[in-house]
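Within every chain, numbering begins at 1; the chains are lettered A, B, ... in the order of the sequence lines, protein sequences first and strands thereafter. Model, not experiment: these values are computed from the prediction.
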Amino acid sequence: MLTEDLKSILNKEQFEAVTYGDGPLLVLAGAGSGKTRVLTYRYAYLVDCRYVPPYNILAITFTNKAAGEMKNRIISILGEGLGDTWIGTFHACCGRILRRHGDAIGYDSHFTIYAESESLETVRTALKHLDLDEKQYPPRMMRAIIGKYKDSMMTPEDVLREAGSYSERVNANVYREYQNILKSSNCMDFDDMILNVVKLFRENQNILDYYRSLFQYILVDEYQDTNRAQHRLVNMLAGRDGNLCVVGDDDQSIYSFRGADIDNILSFEKHHPGAKVIKLEQNYRSTGNILKIANDLIKKNSYRTGKRLWTSSGPGAKAVCRMAADHNEEAEFIAGEIKKRVAQGDASYSDFAVLYRINAVSTGIERVLTRMKIPYRVFGGMKFYDRKEIKDLVAYLRVLANPADEASLRRIINVPKRGIGDTTVDNISIVAGENGIPMFEVIRKIENYPILARSKEKLAGFRDLIVRLGVILADSPTLTEFVQQVIDVTGIALEYENDHTPEGDAKAENIREFLSVTRTFEEGLDEGYESAGAVFPEFLESVSLNTDLDSTGGDDDPDASRVTLTTIHSAKGLEFPVVFIAGLEDGVFPSNQSFEDRGSMDEERRLMYVAVTRAMSQLFLSSCSYRMLYGKTQGYKPSRFLRDIPAEDLELSNSGRGYFDYRPRQSYDFSSSYSDFESVRPLKATAPAPAKTSKPSPVTAAPVRDPASVFPRFISTPPASAATYLTDVEKGERVRHKKFGDGTVTKVEKADNGTVVEIVFDNAGMKRLILEYAKLQAL
DNA sequence: TATATAGTGTTTTTT
DNA sequence: ACACTATATA
């Protein structure tokens, strides 16, 4: 590969980013600006022109898919294999480090990785240990709280030390017990994988030094999505002046609810003084009209580096905005447009995507697509590994690899049913706790524990089953054969096969499908192997970390052309010729939970920006006057994001049946998104609900032409009650919020859009609210 | 221990 | 609307 060749393939900024020399480099890559191209070419350039061995480059992505694509593209650029690489997700790379060096922080190399549901089970166990009522401390909420602590890298001890209230102390205790259970089960959750590597490095300078010298170059993709721990990890490895190249787009940061911290990318230059910053603003995906809408939307956010996408291609078609009466009309409009274009022969179903903020919006659209015989696929439904029957099978495998794995043991101890009930399990757990040994050790030596005498036979049966499977593992020549034996010997598929229901058949089929997962894994191995046992741990790790949809199987024809239905979050990184953004109503998108503070409203706007920039040549936006959500039909107003788009950029498609005659404002009003917080409450559905039948009846659908409803934001909303809300507060003050409950003000700061108050709520954690809108009451 | 019933809570979810 | 879960009951 010659540098001259790169010049002809890449634009000026891309070229500069790819060939930049040593030291920190920040690439701000706008949507569709060739980010992946830069990453892959930079990797190839380092290898081919600067003679860096691939093994000395750490390339981190967020998804397995991205890692796989990156690797393949590099190989095709270089035209040769790379050998052993460090191209992987944060979790895959950390897993690899921990399998090797985890013993330095007290983990056995066969540790199990817990996903969401096992983690939740562990929280339940922790609550039980602490005698806490699940009603009072919902496991999901507790897990979320623990997640927040982990996001901010706090240990249970840190939480306890800083605990100001009783509930915070309870949180700390649950967190501590949760960690204790994980540790004694030789398990980690996803967050722990990152945190533990940070811990490993912090406590073992020699190990850190080893990896620092190993990774001569570090590339990180989607940097705007890193959380604090990941940021810390990268900085430990790269140092202040290391050869760290991060690529990302602050305008596409949409995962803050999972701990992603937009500051990591925005303050890169602060952390790495003298860093080179390159902006990629030329867009190769969308038409000019689409980019104009995207640019105009995102420029309303103030906390950003500021980029403006441009294209050398023409303006293309105008975006079409449909004001529909209800979700049925919206769905029919979408289906109709798709049908029409496919019939004309200039598009196939896979050219279309329907994007929405919340999954609940998809159901209405699915119904109509099905009725009109339009093939579609829904992204991000039930994942293969999330299915009960697969989890059961995996739990068997995990117990074999790591008998200390308590959540997995509990999962399978009575699957298939063998008469071991909750009481017995609780007793085992108590005995295990008293003796400080794993539950499986108790089962191994049932004779020693009189409490368990009654279920002795049954437990012995379970123990013998596990032991027998262990022998089979040692004897099986291949992984697939072994797993087949596990299925047969345990009989987990049998009970499904016997009940002869469609669901049972599907579950049995899924279990068989798991064998294609093992086969695929075996095919992917570079070399052959001696026995199932030799690759077993590696296989389990790939199962734990491969949570995406690639191997879901089941669905008949993967190549068939279908419309894609997906949330905007899952659509990030994808592109489609024709994109529909459905459900553009205030309270749906933006979500009504985002009205509380500016930070989340900005994130909603970034989400809208991501949605718009998925479209290549045609964008459709739709909004409903009435929508049924969670079983209730309510009136809604058009999304503020719709109303923020200048009128001249939209072509209206109005059936005349919508209750609002939507007219976007002519001139751009920067304050609009915040000026009408008072009117965000959905309208009460006093008007006749939309017709239940799929064809809206023309009688009930008479449009309302009352000017007040045409421009609802000009209605002066009377105060909800006589209650007075605080207009100024000070640090330390106790306040009450209608949703978050009571809390203490920890910070007050003036911003151009109002007064930002930071409040630590007793039960809801820390929130930043805009005082003017937060409706706080004094206590 | 298995099944019926009432009650609940629903933003987004790369690993 | 709907799915999941805690509880009551046989």
Let me know the distance between [atom1] of [X] and [atom2] of [N], rounded to the nearest Å.
{"X": "A/Arg140", "N": "B/dT10", "atom1": "CZ", "atom2": "C1'", "value": "9 Å"}
{"X": "A/Tyr356", "N": "B/dT10", "atom1": "OH", "atom2": "C1'", "value": "16 Å"}
{"X": "A/Asp151", "N": "B/dT13", "atom1": "CG", "atom2": "C1'", "value": "13 Å"}
{"X": "A/Met141", "N": "B/dT8", "atom1": "CE", "atom2": "P", "value": "16 Å"}
{"X": "A/Leu574", "N": "B/dT14", "atom1": "CG", "atom2": "P", "value": "12 Å"}
{"X": "A/Arg357", "N": "B/dT11", "atom1": "CZ", "atom2": "P", "value": "10 Å"}
{"X": "A/Ile60", "N": "B/dT15", "atom1": "CD1", "atom2": "P", "value": "15 Å"}
{"X": "A/Glu222", "N": "B/dT13", "atom1": "CD", "atom2": "C1'", "value": "14 Å"}

Pairing annotation in dot-bracket form, given for DNA chain C with Watson-Crick or G-U pairs under 3.5 Å and | for cross-strand partners: ||||||||||
Looking at A/Thr63 and A/Ala66, would you say the former's side chain and the latter's main chain have a donor-acceptor pair under 3.5 Å?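 Such a contact is found between A/Thr63 side chain and A/Ala66 backbone.
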Every protein N/O within reach of nucleotides 1-4 of chain B N/O, cut-off under 3.5 Å:
from  : atom 1 : to       : atom 2 : distance (Å)
B/dT1 : OP1    : A/Gly421 : N      : 3.2
B/dT1 : OP2    : A/Gly419 : O      : 3.0
B/dT1 : OP2    : A/Gly421 : N      : 3.3

Side-chain N or O of [X] versus OP1/OP2 of [N]: is the shortest distance under 4.0 Å?
{"X": "A/Ser570", "N": "B/dT13", "value": "yes"}
{"X": "A/Asn359", "N": "B/dT13", "value": "yes"}
{"X": "A/Asn64", "N": "B/dT15", "value": "yes"}
{"X": "A/Lys135", "N": "C/dT7", "value": "yes"}
{"X": "A/Thr89", "N": "B/dT14", "value": "no"}

What's the closest nucleotide to the side chain of [X] if the choices are [options]?
{"X": "A/Thr567", "options": "B/dT11, B/dT13, B/dT15", "value": "B/dT13"}
{"X": "A/Tyr630", "options": "B/dT14, B/dT10, B/dT12", "value": "B/dT10"}
{"X": "A/Thr63", "options": "B/dT13, B/dT14, B/dT11", "value": "B/dT14"}

For the residue pair A/Phe257 and A/His569, does the interplanar ring angle fall in the parallel (under 30°), tilted (30 to 60°) or perpendicular (over 60°) class?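 Because their plane-to-plane angle is over 60°, the rings of A/Phe257 and A/His569 count as perpendicular.
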Parallel, tilted or perpendicular: rings of A/Trp86 and A/Tyr211 (30°, 60°):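 Rings of A/Tyr211 and A/Trp86: perpendicular, as their planes differ by over 60°.
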More 5' along DNA chain B: A/Asp191 or A/His569, using each one's nearest nucleotide?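 Taking each residue's closest nucleotide, the earlier one in sequence belongs to A/His569.
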List the residues meeting side chain to side chain contact (heavy atoms under 4.5 Å, CB included) with [X], not counting sequence neighbours, and say none if there are none.
{"X": "A/Glu575", "result": "A/Arg285, A/Met616"}
{"X": "A/Ser570", "result": "A/Phe379, A/Thr566, A/Thr567"}
{"X": "A/Ala59", "result": "A/Tyr43, A/Met70, A/Ile87, A/Leu219"}
{"X": "A/Arg99", "result": "A/Phe111, A/Ile113, A/Glu541"}

Please name all residues satisfying salt bridge (Lys or Arg N to Asp or Glu O under 4.0 Å) with A/Lys183, sequence neighbours left out, ordered by chain then number.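 Testing A/Lys183 for salt bridge (Lys or Arg N to Asp or Glu O under 4.0 Å), a comparison that skips the adjacent residues, returns none.
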A/Lys391: salt bridge (Lys or Arg N to Asp or Glu O under 4.0 Å) partners, not counting sequence neighbours: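 Partners of A/Lys391 by the salt bridge (Lys or Arg N to Asp or Glu O under 4.0 Å) criterion, ordered by chain and then number, come out as A/Glu118.
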Sole residue of A/Arg228, A/Lys150, A/Arg143 in salt bridge (Lys or Arg N to Asp or Glu O under 4.0 Å) with A/Asp191: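 Looking at A/Arg228, A/Lys150, A/Arg143, the match for A/Asp191 under the salt bridge (Lys or Arg N to Asp or Glu O under 4.0 Å) is A/Arg143.
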NA contact type, [X], heavy-atom cut-off 4.0 Å: base, sugar-phosphate, or nothing?
{"X": "A/Glu134", "answer": "sugar-phosphate"}
{"X": "A/Tyr255", "answer": "base"}
{"X": "A/Ser591", "answer": "base"}

Per the side-chain hydrogen bond (donor to acceptor under 3.5 Å, both in side chains) rule, what does the pair list look like for residues 360-369 of chain A, sequence neighbours excluded?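 Found A/Ser362-A/Glu366, A/Glu366-A/Tyr376.
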Once side-chain hydrogen bond (donor to acceptor under 3.5 Å, both in side chains) is applied, what residue pairs with a partner in residues 133-142 of chain A remain, sequence neighbours excluded?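 Residue pairs with at least one partner in residues 133-142 of chain A: A/Arg124-A/Glu134.
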Verify stack between A/Phe90 ring and B/dT15 base, 5.5 Å, 30 degrees: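 Stacking between A/Phe90 and B/dT15: absent.
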Just jot down the ring pair (Phe, Tyr, Trp, His ring centres under 6.0 Å) partners of A/Tyr356, sequence neighbours excluded, or say none.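 For A/Tyr356 there are no ring pair (Phe, Tyr, Trp, His ring centres under 6.0 Å) partners, ignoring immediate neighbours.
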Selection: residues 113-130 of chain A, any non-hydrogen atom under 4.0 Å of DNA chain B: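 Those residues whose heavy atoms fall under 4.0 Å from DNA chain B, taken from residues 113-130 of chain A, amount to none.
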